[in-house]
Amino acid sequence: MTESVEAGRRVRLPSGAERPIHVFVNGLQQKEGSDYAIRGREIVFSRPLVKEKVSGGRWVAMTLGLFGSYGKNETVDVHFRRGGRIQVISDAKILSG
């Protein structure tokens, strides 16, 4: 069984991350101010981000190719500058609380 649960609203920026910072949720660019704010070393979203929670049995069935998963599972990608180079975090860890 799958269910979608609120994972949190924050993503930590790595040490030394500099602007410009571009944030994407499920491949769609987010707008600073309306979709998120940068507070210190964290990106704080204006709404909760949702991750899919998959039970052990369903995970096994998906691994065997019996069926897929169709719950909501948001991923966050962050593009930023560090040391003069553009770097990317794919599927950044969403922090709860």
- Query: OG/Ser90 to CG/Asp77 distance, rounded to the nearest 0.5 angstrom?
  - Reply: 4.5 Å
- Message: Checking the side chain of Gln30 only, and the main-chain atoms of Leu28 only, is there a donor and an acceptor separated by less than 3.5 Å?
- Response: yes
- Query: Who are the side chain to side chain donor-acceptor pair (under 3.5 Å) partners of Gln29, not counting sequence neighbours?
  - Reply: His22
- Residues passing the salt bridge (Lys or Arg N to Asp or Glu O under 4.0 Å) test with Glu18, sequence neighbours excluded, are none
- Message: If we ignore hydrogens and angles and just use 3.5 Å, is the side chain of Arg10 paired with the main-chain N or O of Ser96 as donor and acceptor?
- Response: yes
- Query: With a 4.5 Å heavy-atom cut-off, do Asn26 and Thr75 have their side chains touching?
  - Reply: yes
- List for me each residue that meets salt bridge (Lys or Arg N to Asp or Glu O under 4.0 Å) alongside Arg47, sequence neighbours excluded, and say none if there are none. Glu74
- In short, Ala7 meets Lys51 closest at the heavy-atom pair CB-CG, 3.6 Å
- Message: Can you list, by chain and residue number, the hydrophobic cluster partners of Tyr36 when the side-chain cut-off is 4.5 Å?
- Response: Val11, Leu13, Ile21, Val23, Val25, Ile38, Ile43, Phe45, Leu49, Val76, Val78, Phe80, Ile89, Ile94
- Item | Closest contact, heavy atoms only, Ser46 versus Ser34 | OG-O, 3.0 Å
- Item | With Arg41 via side chain to side chain donor-acceptor pair (under 3.5 Å) - residues at least two apart | none
- Query: Taking only residues two or more places apart in sequence or in another chain, which ones pass side chain to side chain donor-acceptor pair (under 3.5 Å) with His79?
  - Reply: none
- For Glu42 against Arg12, the heavy-atom pair lying closest together: OE2-NH2, 3.6 Å
